[in-house]
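For clarity, every value in this text was computed on a predicted model and none was experimentally measured. Residue numbering restarts at 1 for every chain, and letters A, B, ... go by the order of the sequence lines.
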Amino acid sequence: MSELFDLVLLALLITIALLVVRARDLLVAAIIFSGYGLGLCLLWLHRGAPDVAMAEAAVGAGVTTVLFLVAIGVTGRKEK
Amino acid sequence: MTQPQNIPKIPAAGYELPLMLLTGLIIAGCWALIPGALAGRAPEFSLLQLAPGAWLLLRIDPLGVLFTATITPLWLLALIYSRGYIGTAHRDRYYLVLMLSLPLALGVAWAGNLLTLLVFYELLSVLSYLLVVHEETPTAKAAAAKYIVYVLVGGSCILLGVVLVFYLVGGQTFAAEPMLHAGLGWGYLTAIFVTLLAGFGVKAALVPLHGWVPDAHPAAPAPFSALLSGVLVATGAFGIIRVTHQVFGVELLRELGFMHWVSPLAAIGVLAAAVAAARQDDLKRRLAYSTISQLGYITLAISLLGQELLVGALLHISNHAMMKATLFFCAGLLLRRAGVRRVSEMAGLARRLPWTMAAFTLAALGMIGVPPLAGFISKWVLGMGTLATGQPLYLLVFMGGSLLAAAYLLPVVYIAYFREPVEEEWKNKAITERGAGWMLIPTLLAAAATVILGVAATAPGLPLSLARVAVSPFW
Amino acid sequence: MLPEMLLELRPNLDYAAVVVLFCIGLYAVIVKNNLIKKLLGLNIMETAVFAFIVTSGMVEGGAPPVLGPGVMPPLASPLPHALILTGIVVALATTALALALIIRIYLQHGTIEADQLRELD
Amino acid sequence: MEIVDPRPLLALGISLACALLVFATGRHYGRRVLWSMGAALLKFGVVISLLPGAMAGEVYLFRLVEFPPGVGIGFRVDLMGLFFALVSSTLWIFTTIYAIGYMRGEADRAQVRFFGFFALCVAATVGIAFAENLLTLFIFYELLTVCTYPLVIHKETPAALKAGRKYLIYTLGGGGLVLLGLVLVQHAAGTLSFGQTGLLAAGAHDGPLGGGPLGGGQLGLIFAVLVLGFGVKAAVMPLHGWLPSAMVAPTPVSALLHAVAVVKAGAFGILRVIYDIFGLELLAQLNFTQALAWLAVVSIIGGSLLAWRQVNLKRRLAYSTVSQVSYILLAASLLNPTATVVAIMHLANQGFAKITMFFVAGAIEQGSGRTEINQLDGIGRQMPWSLAAFTVAALSFIGVPLLAGFLTKWLVILGALEGEAWWFAAVMVISGLLNAVYWLPVVYRAYFRPVTGVVADPGWLLRGPIIACAAFVVLLGTTAHFHLLPFSVASEAARVIWAEVAN
Amino acid sequence: MAAALTVSWSALAAWPHWLIVLILLPLGGAVLTPALYALQRRLVPWWALLVAGLTALTVLPLLWRLAHEGPFSYLPGGWARPYGVELRFDEFAALLAAAVALLAPPVLLFSRRYAARAVPAGRLPFYYTLLLLNLGGLLGLAITADLFNLFVFLEVVSLSAYALVAVGGRPVAELAAFKYLLMGAISSLLILLAVGILFALTGSLNMADVAQRLPALATPAALTLAAAALLVGFMLKAALFPLHNWLPEAHASAPGAVSAVLSGLVVKAGIIGLVRTYQLFAGVELLDTANLGAILVWLGAASVVMGSFFAVFQHDLKLMLAYSTITNIGYIVMGWALASPQAMLGASLHLFNHALIKTTLFLAAGALIYRTGLRTLEELRGIGRTMPLNCAALALGALAIVGVPPTAGFVGKWFIALGALQAGRPFFALVVVFGALLAAVYYVRIINAFYFREPEQKAVVTAREVPWSMLAPVLLLALLCLGIGLLARLPVEFLEPAVARLLDGRS
Amino acid sequence: MKKPLVIALLILLALALLAAMAELPAVGQADAPVHTHVSARYIEQGEAETGAHNLVTAVLLNYRGMDTFGEVLVLFTALCAGFAVLLAAARNGNKHYRQPPAPQESGAVPVIAVSPVVSFVVRLLAPFIALFAAYVILKGHLSPGGGFQGGMILGALFIALTLVLGKQYSARLLPVAWRPWLYALAPAAFLVVGMIGLQLTGYFLGYPQEPAWHGVREAMMVTLEIAIGVGGAVLVASLFLALESD
């Protein structure tokens, strides 16, 4: 069970990462990246690292994403 | 044909008389050495060390005294002659160099070792360039250039030879005993002989190294031509004597057999140069070839390695110097007074320039070897010497040379005296000997000396006796 | 050879995922033209490395390293966690600065596409 | 007998101080002249004060600083170095006087730079002469390069800058080779100090770093690298390209390049390589000098042939330097006592004669703006003193007796014979003749062609040094047996070098 | 007198906490700077200078103790090795620390007037903060003996460096800074990855502990990867060819004082990292360190040649200097990788000396730009006449970096070349010489332009010497370039045992 | 062109990485060095030595305090770096400064348009989140969480509030005059606590071990936690503000 969860999670992370890279719209990419952070958060929890998970949730899913959004707000959301 | 000058009065430089006086003193000094030389003394003076072991050294041996006693008077004659001959152009330079060349010539004569000989010889040669080029006409410059090339190449050869000797035996003084010995090896000895002979041979107009002579003599001013022919060329011969008799020594040379190569060369020189002389129209050029021929006598005499022959050679050096000086003085007079360079233009000149042509005739006869003039004496001694050494073939050469001398000198006399002048060429020309005293007197003196050297040849203190003393140590 | 390697890898599948993530991130950094995209790639790389370190400190069936009643060994190693906490901050700091630079670049040059910027030089 | 004595440093310091003073206060003509002349005379005094002791067998040592341990800046006055220093400091005096006259018309700024860097160059030369070890030698060798550069490009014209660049590329390349050699020597011998019979002699048998005996290949590499490195400055034939180009510089600079410092520094460096780094015994075994000798022969003949083809007077002078400096190399590579004497002696012989010629060329250029040989018609009548001096120098090179050049020729030939290498003797003779071939036409033109144009009087500031240097050429040629005069110093130096071998 | 001095020194050096003070001073000083700015903005430059000065003083007792007692450790928190973080002051740490501490005061003094013009006013406090952070981070990086701590300090250094490149506000600089950041971040990640692998393999982060445990491992691929990641990471930081691309623009477009720090000191962080990598893997037999060395030595040589080669063709003065940094990094790496005692000695010396020289050069160049606003050689021609002292300092620095004896630059190259021979690889001695020659070529271009060309730009003709507070540090450093060369035997004797120790560890 | 090459290289890199990682101890093995060496001691004696139940906190604040000090410094550096890069360059007559181009249409649209619902929710939840953050900070040494995590949460909250309420509000929440001091809070706290530790134990960042001093030890840790939390929050929030200001 745990194995399976692990595998699914990892597959999911890889998929999300690919999506982030492939997305043409930067805004979309940033939002997906926030999802990636959440996925990671789960992974950390599963690995017995709640501290890291908490930090990842706040930073990866939260602060980093917001900062990206701010920057995208300045530079425009389309990747040329 | 150059226009004869209308005999402008040459202003005196002011220092000519003191120079003559000085030269006279030097002559007196040189003559004063004769008694000592006759007594066989050879004092030495060291001047300067050039490099470790390489001293500049004077050694006044009889050979040197003979040479100086013979040649120094020529300077005085040339000086006097120059007073009348040399114009104002470059005059200071001319006298300076002329006077400088005298001590250098003395240095050559009195050189105590090979290095000293080389040094003075080189300096004299290089300095002479200024005299050859004196007139600075294109021909003079070309001749001078040729001269300096020959001299420098020759000098370099001598240098090589001298260093070789120095390397092998050190800076030895000239002495009766030869410096080299057979133990040094054939290669070294050959190299030394070839380089030294070639080096001095250039100056001594040894055929085939004579190329500069026919050009330099006509180009130079007459008084210097006289010196050139009488003295400078003779220094080459003098050098050869030093080399053959004091560096190598007769025995070594006989052993090595180099002279079998030199003698024919010199013989060819005697004859070929004489033939060439006969073919020249330019008087000074003819005289120059004559010099080559006469120097051939001397070289030949040296190369035959006989005591009497060497005496003859030395004697011929001094006699030839006097005679050739006379001839060149005359050539100068002809040029200055009549504007004539070519033999063919001299027709009838004897009427206008009687003294000149008289002196010329005297010297020419001497040169041919008519007794009792100087030339006869030396040729006689040479002939005797040749017979003494048992090489009669070369006697024929000497005789042939004399005959040929007659062939190239007598026509000149004949033309001057007996051919009718082409009058129109003479119009408006003031050809006269009046006012030519400065040139005429030395000419006549030299002519007189030719007679004296012939008539009184055996008197003690005159060249023959001195030469006998000088060569006696070598045997 | 490759299948054998994969077989060998099976117990370390987590590491394999980490490697894949790392390469995806690196791919974005190298190939993507947009600076923000590059930065996103960089972040993915960073998380991959974090994942690697945390994974190495995990223990089969282990509890979080927080002691307390009912907490029984084995515990996950606390050290990697502490490292990753620091790592996350470093990543955040780098990202923030990079974004600041990107904003400045945009304001100065009007673009954040690498090839256009290269042409500007 | 080694004595610690600060005078070597003092000699160097005087020149350095002079440079500083000139840079600081040189805008004022009087001060500039005062500093330059004062320093030149003072330094000559200091250097000459070392002579009696050195001739008596004393060796003055002064170690300044050691930076990498065992490697440092130090000074050691042996006779060979002292000889070089004497030559250069004597010439400095003359060059200074000449330069004062020559540069009169130039802007203050240019003059300050000129005199300042000139002093630096001379300082560097003394440093080279008195170097206690190869590193010190190298330092001053490079300092010389650097300080000469501003002088070469003095005029700041495109041609000058180009020449300067060429000069730098060549000499820095040479410096690089020397540096490489330096490293190799340090590695092989473990020390760089001179003053023993061959630094590498010990290393040839037993490497100090446990590397085993040095192979012939390694030694060959060291020799080649060092000789080529120094050979650049010495203008050995394939490496001579900079020298003719550098002729764009003002005349006193050319004098510096050809006579006082630069070319000599290269030659001196090679002397050090042969006598101090390898040592006579080692080289005698190794036979490397044969190659060097042939290199010198190529330079001697090739330089002369090239000089012959030049129509510009200074360029002809330059190529003739290529030829004449190689006498030193040829002599040094003969490896016998006589040749050693002349290898050292020729430093002075070439220096004085060449500087005379350059001074004359400069005076002509200054007075009439003529630079080509075919413009020199009749100049001998307009500038009789100068051209007389020029003739003396030319005759010296040709090898006319009683002049310095004759001595060189005599001794090299003698040395060649001692070394059983008669063909080098022949080379010397040929070279002398070639010298005649390209110098005599110049003299000839000057005296025997009609005068063209006018020439301004060069003045005694120019004429004086010319005559003095020409007089020196005669002096050098005739004073061999006088104690404390140059030849005795050179021969004593050679004796010391060979005495060490004998022991 | 001397005895008393010695006693007092030893007493001073005996205080065990100097090592932590060394990094706390600049870091603490930096932290308080923005607050101080809010209080009294004029004081900020002086404050930074004070902090730097105190740091410089702090390093003295440390050096004294190192010289007399050998390397020593400090354990923050008192946790025994390997449980806590260890700080260790060995000779290599001392080299970088001394360089940082020595160069910080002149750079900051120079900055006072310089930054006022080169940096927008609002950014000034952060300029000083970042400089102090950078220097503090470098010190920490130098003295830490813990792998992860090294990474953390490396990040402090890197982040501040990225920002400092852009602080002047030139558009080029911002782009360069981003490029630098991207490269720097990747290299940091590689290093972190390597730290992770080593940690996974040994369970420890203390360098000495890890080094001790590595030889027992039988995992060649993992070890190779760790070593490779560390090497590539640090090579990127050190800008070794062919990973040098980011450097020239970044160093050239930064403000002068920053360029000095970046080129002189920050790249040395990469070198120290390489040194530490060597120390880590010294005992590992599975991993043929000789092979790594072989690669590095060629890369170093390539850096030497290529750096110089590129520099020759630059027109911008600072770009030239930046490329020369690549060259000199090449020397250091090459010397290090040759792994013979003298080569290592030379590399270590050059690490310090290059920092000194390059700082001199960049500060002097900065001063020129400060006065004229011009950057290319073409524009700056003739500047030697109007700013003689400054240009003299620059010329002296140029001589030093070329390696003209007896300047500081010579000694390092000297020993590297000797070391190449000692290692039996004379080719690299040739590279040293060749590099010096190439360097001479482009520095001659500089000197040529400054002194021997007629000035054309108005700014050049009217330029004056910079104020004393800028000129003094430049001149002082230039003199040090000479002085350190003359006194080189001191550091040589100081470093010899360290090198010997390191090599013993290897063999 | 470029892409296939990069992908090929990346595959090679991946294989190399995999090959290397295959040699690492298998994931989760209890006898891996990671667990048996340093960590073992942390787990066995961490609580006794540090008084922290949360061993991660023990490592962060006690065993590897230097790392955490560095960490806050990194954050501080990032902030200063952000300021140094972003603050207006045009003043002061900087001639290198180029006027920014006119904003483009696509970029002009604010990306983060906050809907009223979100705004309401944020305001509603803010006190609870803050409380949670405080708990995480203060109890960090006992349970999962700690100063850093709490600080990040606090920072995120601040950012959310700023987005929702505007900058005026953020200025009230975080007075401009305090900011420079607050930036320095976290690192300075390390300095102070470290120095206290130096005074008490003879080691920088040392904590007294004797039972009598346990209170002090806890106080020191909590101080650090708070400083990290608050300071971290301020730093993160300021970073956001700095970026957002343009």
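Taking every heavy atom of both residues into account, E:Ala440 and D:Leu172 meet most closely at CB-CD1, 3.7 Å.
Atom OG1 of E:Thr407 and atom CD1 of D:Ile139 lie 8.5 Å apart (nearest 0.5 Å).
Contacts between E:Arg445 and chain D at a heavy-atom distance below 4.5 Å are absent for every atom of the residue. When heavy atoms are compared at a cutoff of 4.5 Å, D:Leu184 approaches chain E by way of both its backbone and its side chain.
Residue with the most contacts toward chain E among D:Leu64, D:Leu182, D:Val146: D:Leu182 (heavy-atom pairs, distance under 4.5 Å). Annotation: maximal heavy-atom pairing with chain D below 4.5 Å, among E:Ile447, E:Val444, E:Asn448, E:Leu399, occurs at E:Asn448.
Contacts from residues 160-171 of chain D to chain E, taken as heavy-atom pairs separated by less than 4.5 Å, involve D:Leu161, D:Arg165, D:Leu168 in sequence order. Proximity to chain D at a heavy-atom threshold of 4.5 Å picks out E:Ala429, E:Leu430, E:Val433 from residues 426-434 of chain E, in numerical order.
More than 12 heavy atoms of other residues, nucleotides or ligands lie within 6.0 Å of CZ in D:Phe23, so this atom counts as buried by the packing criterion.
Considering only heavy atoms from C-beta on, D:Ile153 stays 4.5 Å or farther from E:Tyr451 through its side chain.
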